[in-house]
Amino acid sequence: MSIVFNKTKWTFTLQTRNSSYQLQIGNLNYLMHLYYGPSLEDADLSYQIMQYDRGFSGNPYDSRYQRTFSLDAQPQEFPTQQQGDFRVPSIQVVNADGSRAFDGRFQSYQISDGKYRLKDLPTCFATENDHVQTLEILLEDAVSKVQVTLFYAVFEETDVITRAVRVTNGGTGTIHLQRIMSACLDFLNGAGYDLVSFPGRYGQERQVERQKLTHHVHTIQSVRGTSSHQQNPFLILCDHDATEDHGDCYGMAFLYSGNFLAEVELDQYDQLRVLMGIHPKQFDFALAPGESFEGPEVLMAFSAQGLTGLSHLYHDFFRTNLCKSKYMRETRPILINTWEAAFMDFDDRKLVEIAKSAQQLGVDLLVMDDGWFGKRDDDNSGLGDWVVNTNKIKCGLDTLVRQINDLGMQFGIWFEPEMVSEDSDLYRAHPDWVMEIPGRHAVRSRNQLVLDLTRRDVQDYLIRSVNQVLDSANIVYMKWDINRSITDIWSNALPPERQGEVYHRYVLGLYRVMDRIINTHPDILFEGCSGGGGRYDPAMLTFYPQYWASDNTKPLDRLKLHYGTSFLYPISSMGAHVSESSPHVPLKTKAVVSMCGTFGYELDATRLNADEIAVCREQTELFRTYYPIIFFGDYYRLTDPFQTGNFTAWMSVTKDRSAALVSVVVTNLTVNGPQEYLHLKGLDAKRRYRVGDKNLVLSGAALMHAGLPIPREVPEFSSMQFYLEAVENVPTEH
Ligand code: GLA
């Protein structure tokens, strides 16, 4: 049983393989949080809650003259509104009578087998091998009759607990929901924790910042209409002295692609509250009597094995419980993308030439990027007109794809469905389909406007026009891009009083379009993109097996980017290509870096010389050999590229620990510096491994504890890969 209700203590214990989570129906039927951390089996943690008369922290009226019970000083599952808790709240609602209060008390609960579902939002799922149970708890405000249902799904073997929330208007007048957080995690004492977040910018996504908590509200957020380059909807709380290998680490990842807010508040008594949900900026959702609103899912994980342990939980979960695409299991093609090779300056002949050359590299698939449709010779026109430009693709799409297929290559295509150029037939026909505030001009970005995806007619146009192209030829890959942030929050299809719903309705509309295009094409490999990795979030990965990690293909920058991304996202999700950028870095090193990802090319293959072709061919072959280790193995960060050092290293180990791939990039060479040793991880200490093709056989213990010497008399920016294979019956050297 993963969820147990103790009828005497009124506690719910949520039990995974290595963690316990406990809550209790407490004083006055408030839902109290008792514990989240290493497994405690059926221990009752209610003794943890102490009550004192805390000055300036009020007491609920029905606690009578008991001055020791204040919500301001109690850990809760769903913090109320205006009930004496001055910390950040889970909800802000304007009731039908204009009052702003929510006093949620326990009403009922239900424990069931399997995973709960949300109506319009993407969620993770249970596979047939998972043992999953759901707990639903209903809270109600006795006056307004507003009801809140808290959802918890416990993935026992994978050590993940998911949360979501539903608000229902059980009253008789319309209410306005202005803030709804999907999950709250209260710690009785959180002074010893660090907060790790993943800020960035265009071209430098998901860098890593770690800070000691101080007494204020730390916020991680996006108000750009998408999950953004600037922050990622993910945070880690860890022991102040936690390392990659040791220490308690809590993760919270938000399955949502729009505005989000995570608040981390260390309060006056060192209590710690973490909230995660849709950002309340310009959010005002009207609910008529009987209507409900669902808040997106949060994936919580706990590991006592440090940051690597936490990453492994998420990587495994993302690889099995997030995306239903067959490409999560089947081998994906190695692709070449035309963007950096030709930008928008290509025609059918040029594409066939690139495909011919790419084929010699061992590439499987050619992706025709931006520029193939409408009138699109630069980024000032054409978006929205999803019809093939026959001035460029003179032979037509189907014939072009056949020519590419005849070379033994597959074909993929680029779209940016959510956008429109003012210079396009679509805009001329439907100027009211863009997001633009009446009487004002919309903000342009990359000279394009945003289509109003809250509208059904816009959604249906996109579903129809994209599907038509996808079905018109043998297309096996689609890159789905979005190249600006969202502004001008207004929909011509909604009345003035519902404009506070636009941000969220846009995201719901997008999910509907994605569902109708992606889920109806199970044989197409979809890759997400947003000016690189601007909307690389867990919800997007329920649709796409992979995401273009960044437009920045400089290998040394990529080392940091891949490192930061790897805290949450598996390597198999990171789109990474070899390009012509950083000419001083050898082609081989670029390939090694791209193998920390989906691996592919982003260059003009027709310009490569014979030596370069040979290097590329060797690299594609190696990638295919290492594919199972990279895509399905356990990934270890061996160095931190944000710290000064001479090299960056990482490795992947197969689940059965029979093989591993160690990658090293020399980023700096100290003249006459010390010999350095790389301490490997995740190997079986007792087994022996052959290192590379040398006759060197070493024990896992030696490789992990004594380390592997990294040759230092090598050119700067060179790289090394060490393939380790467990061998039996071979005498060990050490
Ligand atoms: C974005 C993407 C690029 C490329 C261009 C095309 O910037 O990230 O990879 O597709 O758009 O306009």
Side-chain angles (χ1 to χ4, degrees), residues 5-13 22-35 44-110 135-152 165-173 175-181 183-188 265 267-269 271-273 275 287 289:
F5 179 57
N6 181 322
K7 292 198 175 76
T8 325
K9 305 281 183 190
W10 281 30
T11 56
F12 298 93
T13 305
Q22 203 172 74
L23 49 147
Q24 184 184 37
I25 307 163
N27 251 8
L28 309 177
N29 280 346
Y30 285 110
L31 198 60
M32 297 299 166
H33 175 78
L34 296 182
Y35 177 79
D44 166 20
L45 273 293
S46 48
Y47 74 92
Q48 291 268 308
I49 298 197
M50 309 295 280
Q51 290 176 5
Y52 307 102
D53 181 356
R54 297 283 199 183
F56 290 85
S57 293
N59 318 109
Y61 187 80
D62 47 353
S63 67
R64 306 204 172 257
Y65 296 105
Q66 223 188 74
R67 288 161 45 157
T68 56
F69 180 68
S70 172
L71 294 176
D72 209 21
Q74 297 290 300
Q76 294 157 69
E77 285 297 307
F78 189 80
T80 52
Q81 180 184 9
Q82 290 221 76
Q83 305 305 317
D85 183 346
F86 293 93
R87 293 170 290 171
V88 282
S90 284
I91 185 167
Q92 276 173 351
V93 60
V94 183
N95 295 312
D97 61 1
S99 63
R100 292 154 194 262
F102 178 78
D103 186 11
R105 312 277 182 117
F106 174 83
Q107 286 296 310
S108 61
Y109 78 93
Q110 199 184 328
L135 168 65
E136 284 177 43
I137 296 185
L138 181 69
L139 309 175
E140 191 181 65
D141 181 292
V143 178
S144 66
K145 301 290 181 212
V146 172
Q147 297 180 330
V148 169
T149 307
L150 304 181
F151 296 92
Y152 301 80
V165 65
R166 182 195 299 140
V167 180
T168 304
N169 180 1
T172 51
I175 62 166
H176 285 261
L177 193 58
Q178 296 188 330
R179 173 187 172 104
I180 181 68
M181 296 288 115
C184 170
L185 187 57
D186 268 6
F187 293 79
L188 284 162
E265 180 174 6
D267 80 355
Q268 53 182 340
Y269 304 123
Q271 298 175 122
L272 179 61
R273 171 166 294 168
L275 287 171
L287 295 179

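As the structure is a computational prediction, the values presented were derived from the model and not from experiment.
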Check your understanding: Is there a side-chain contact between Gln51 and Gln74, using heavy atoms and a 4.5 Å cut-off?
Key -> yes
**Study point:** Between CG on residue Asn59 and CG on residue Leu71, distance to nearest 0.5 Å
**Key:** 9.0 Å
Practice item. Report yes if the side chains of Phe69 and Pro60 come closer than 4.5 Å at any heavy-atom pair, otherwise no. Key: yes
Exercise for review: Could you point out which residue of Val146, Asp141, Val93, Asn95 forms a side chain to side chain contact (heavy atoms under 4.5 Å, CB included) with Gln81?
Suggested key: Val93
Review point. Which is it for Asp62 and Arg64 under the salt bridge (Lys or Arg N to Asp or Glu O under 4.0 Å) test, yes or no, and what are the steps along the way?
Key: CA-CA 5 Å; Asp62 47 353; Arg64 306 204 172 257; over 6 Å; no
**Study point:** side chain to side chain contact (heavy atoms under 4.5 Å, CB included) against Lys145, all qualifying residues, sequence neighbours excluded
**Key:** Glu140
Review point. Do you see a donor-acceptor pair shorter than 3.5 Å between the side chains of Tyr30 and Gln24?
Key: no
Point to revise | Euclidean distance, Ile175 CD1 relative to Ser144 OG, rounded to 0.5 Å | key: 7.0 Å
Practice item. Compare every heavy atom of Thr80 with every heavy atom of Phe102, then report the nearest pair and how far apart it is. Key: O-CB, 3.2 Å
**Study point:** Nearest-0.5 Å distance, CD of residue Gln48 to CG of residue Leu34
**Key:** 8.0 Å
Exercise for review: Report yes if the side chains of Ile137 and Phe78 come closer than 4.5 Å at any heavy-atom pair, otherwise no.
Suggested key: no
Point to revise | Side-chain donor/acceptor of Gln107 to backbone N/O of Leu139, under 3.5 Å | key: no
**Study point:** Rounded distance (nearest 0.5 Å) linking atom CG of Leu185 with atom CG of Leu272
**Key:** 7.5 Å
Check your understanding: Stepwise, does the side-chain contact (heavy atoms from CB on, under 4.5 Å) test hold for Asp44 with Thr11?
Key -> CA-CA 8 Å; Asp44 166 20; Thr11 56; 3.9 Å; yes
Exercise for review: Looking only at non-hydrogen atoms, find the nearest pair between Pro89 and Met181 and report the distance.
Suggested key: O-CG, 3.8 Å
Review point. Would you say Asn169's side chain and Gly173's backbone share a donor-acceptor pair under 3.5 angstrom?
Key: yes
**Study point:** Distance (rounded to the nearest 0.5 Å) between Ser46 OG and Leu23 CG
**Key:** 12.0 Å
Check your understanding: So, for Phe12 and Tyr109, is the gap between ring centers shorter than 6.0 Å?
Key -> yes
Point to revise | Polar side chain donor-acceptor pair, Asp186 to Gln271, under 3.5 angstrom | key: no
Point to revise | Thr149-Glu136 side chain donor-acceptor pair, cut-off 3.5 Å | key: no
**Study point:** Closest approach of Met32 to Pro75 (non-hydrogen atoms, all atoms of both residues)
**Key:** SD-O, 3.2 Å
Review point. Does Leu138 reach the side chain of Val148, with side-chain heavy atoms less than 4.5 Å apart?
Key: no
Review point. With no hydrogens and no angle check, is any side-chain donor or acceptor of Arg273 less than 3.5 Å from a backbone partner on Val88?
Key: yes
Practice item. Please confirm whether the backbone N or O of His176 pairs with a side-chain atom of Gln178, one donor and one acceptor, at under 3.5 Å? Key: no
Study note, to complete from the structure: In this structure, CD1 of Ile91 is separated from CD1 of Ile180 (nearest 0.5 Å) by 4.5 Å
Exercise for review: Would you check, one step at a time, whether the test side-chain contact (heavy atoms from CB on, under 4.5 Å) holds for Phe5 with Ile25?
Suggested key: CA-CA 10 Å; Phe5 179 57; Ile25 307 163; 4.1 Å; yes
Exercise for review: Verify the distance criterion only: is there a donor paired with an acceptor across the side chains of Glu77 and His33 at less than 3.5 Å?
Suggested key: yes
Review point. Take atom CZ in Arg67; do more than 12 heavy atoms of anything else shown fall under 6.0 Å from it?
Key: no
Review point. Just by distance, do the side chain of Arg105 and the backbone of Leu28 share a donor-acceptor pair under 3.5 Å?
Key: yes
Review point. Regarding Asp72 and Ser70, is there a side-chain donor-to-acceptor distance under 3.5 Å anywhere?
Key: no
